[in-house]
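Note that ligands are numbered from 1 as they come in the structure, with each ligand's atoms numbered from 1 the same way. We count residues from 1, following the sequence as given. The shown structure was predicted, so the numbers you read here are calculated from the model rather than taken from an experiment.
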Amino acid sequence: MSNILGSVFKVLTFGESHGKLLGCLIDGIPSGFYVNKHKIQKELNLRKPGKSNLVSLRKEKDKLKIISGIFCNRTTGTPLGLIVYNKNKRSLDYKNISKKFRPGHADYTYYKKYNIRDYRGGGRSSARTTVSIVLAGSICKYILKDIYCIDFFSFISCVGGNVNYNSFSKNIKKTIKNKDSLGSSVNILVGNIPNGIGEPLFEKIESEISKTIMGLNAVKAIEFGSGIKCNSYKGSENNDNIYKHGFKSNNSGGVLGGISSGQNLKFTVHIKPTSSISKIQDTIDNNLVEEKIETTGRHDPCIGLRIIPIIESAVAIVIFDLILKHKFSFFF
Ligand SMILES: Cc1cc2nc3c(=O)[nH]c(=O)nc-3n(C[C@H](O)[C@H](O)[C@H](O)COP(=O)(O)O)c2cc1C
Ligand SMILES: C=C(O[C@@H]1CC(C(=O)O)=C[C@@H](OP(=O)(O)O)[C@H]1O)C(=O)O
């Protein structure tokens, strides 16, 4: 299993959905950084479930606990350990389906590969594990803001194939009634990214971000700038003309040759509909016997509503790691 993100700012993530706790251990964080607990907690609060009836109703406080690596609120350069406890587990919800594989979830592949499966909340395959990404990423996010004024602007751009923002919540409510779920897309814009981040050929900023974002639960595609639409454009339409004070458009998504151009980094992430639905579906059990399955419990009907803080944190880790790894600019 691979549970480590980053190569200099190295984040080891651990924990399961219904285990005792989740967390991360960060190796490679420079010494002397002020660790702002409130800013980390704010990001955890943005990610946590149970905040409305349009998301999973699991109620977690996700209260930050720092277990190592700081002295007088500053990093000491030793491994920084951050955790949150799981408090609101309801493993009984999974009892009926403990031997059946939910279509679309990771149950089938985990069982086939590891020959053992923690069925409680999906165990390690649950998006509850994204807590660890937000723990580490929130630190990167505010360091990037303090040093480079890097800002994130993100929004949900599509729910169930519909791009009209005003219809999103109505559409989700109707889908919940129908015991189903919806796919979605979110748009991410990272402002004030300095020119020069990204290492061609094989650590282009696009490829590094894509690898991490595609590693998130339920993400099925990512497009930069004009994305897949570029296949219908002419060069004269897709090129971003260059002037003394910058670019006239941003079809490149802020990346040229794998290097940030100084324009906003712009990408779209497409997310599949939640697999755990209470509509009856076909599946098999551990003994290959064909069964019907109905997944009840507390599930997100549309993941796009919750994924933005996770994506922002993941991207912040990638950018900060590239900066540290290549001793970019005037950082040191
Ligand atoms: C923020 C977030 C919340 C999610 N909530 C649920 C959920 O409530 N129920 C569910 O079945 N899947 C949920 N997922 C998706 C599963 O974790 C994911 O589909 C599963 O791990 C299988 O991985 P894959 O979809 O990447 O193949 C969520 C994903 C994210 C990013
Ligand atoms: C708990 C979270 O999301 C969970 C993600 C998830 C899944 O299968 O990914 C399934 C559900 O787990 P449970 O049945 O334990 O409530 C969600 O609530 C969270 O994001 O904190």
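- With a 4.0 Å heavy-atom cut-off, ligand 2 is reached by the backbone of A127 and by its side chain too.
- Residue-ligand proximity: G122 is placed with every non-hydrogen atom at 4.0 Å or more from ligand 2.
- Taking only nitrogen or oxygen atoms, main chain and side chain alike, R102 does not reach within less than 3.5 Å of ligand 2.
- Heavy-atom proximity to atom 29 (C) of ligand 1, evaluated over P49, A127, S181, is greatest for A127.
- The side chain of I303, and not its backbone, has at least one atom closer than 4.0 Å to an atom of ligand 1 (non-hydrogen atoms only; side chain from C-beta on).
- A distance-only check finds a donor-acceptor pair linking the side chain of N251 to the backbone of E237 [under 3.5 Å].
- Closest to atom 26 (O) of ligand 1, if we only count protein heavy atoms, is A218 N, 2.9 Å.
- Residue-level proximity to ligand 2 for E60 is absent, since no heavy atom of it falls below 4.0 angstrom.
- Any N or O atom pair closer than 3.5 Å counts here, and R128 shares at least one such pair with ligand 2.
- For ligand 1 and S125, the ligand atoms under 4.0 Å from any heavy atom of the residue are 17 (O), 20 (C), 21 (O).
- Between D240 and K248, none of the side-chain N atoms (NZ, or NE/NH1/NH2) sits under 4.0 Å from a carboxylate O, so this pair counts as no salt bridge.
- A heavy-atom separation below 4.0 Å is not found between G297 and ligand 2.
- Contact between H105 and ligand 2 is present, with at least one heavy atom of the residue lying under 4.0 Å from the ligand.
- On a distance-only criterion, D300 and ligand 2 share no N/O pair closer than 3.5 Å.
- Using a 4.0 Å cutoff on heavy atoms, I310 counts as a contact of ligand 1.
- Distances shorter than 4.0 angstrom do not occur between any heavy atom of K89 and any atom of ligand 2.
- Contacts between H18 and ligand 2, counted as non-hydrogen atom pairs separated by less than 4.0 Å, involve the side chain only.
- Not one N or O on the side chain of N86 forms a donor-acceptor pair closer than 3.5 Å with the backbone of L22.
- Of all the listed residues (R102, H105, K272), K272 holds the heavy atom that lies closest to atom 27 (O) of ligand 1.
- For atom 18 (O) of ligand 2, the closest non-hydrogen atom on the protein side is S56 OG, 2.7 Å.
- Atoms of ligand 1 lying under 4.0 Å from at least one heavy atom of T274, given by number and element, are 6 (C), 7 (C), 9 (N), 10 (C), 11 (O), 12 (N), 13 (C).
- In K48, neither the side chain nor the backbone holds a heavy atom less than 4.0 Å from any atom of ligand 2.
- When each atom of ligand 1 is checked for a heavy atom of H299 under 4.0 Å away, the hits are 7 (C), 8 (O), 9 (N), 10 (C), 11 (O).
- In this structure, R306 counts as a contact residue of ligand 2, since one of its heavy atoms falls inside 4.0 Å of the ligand.
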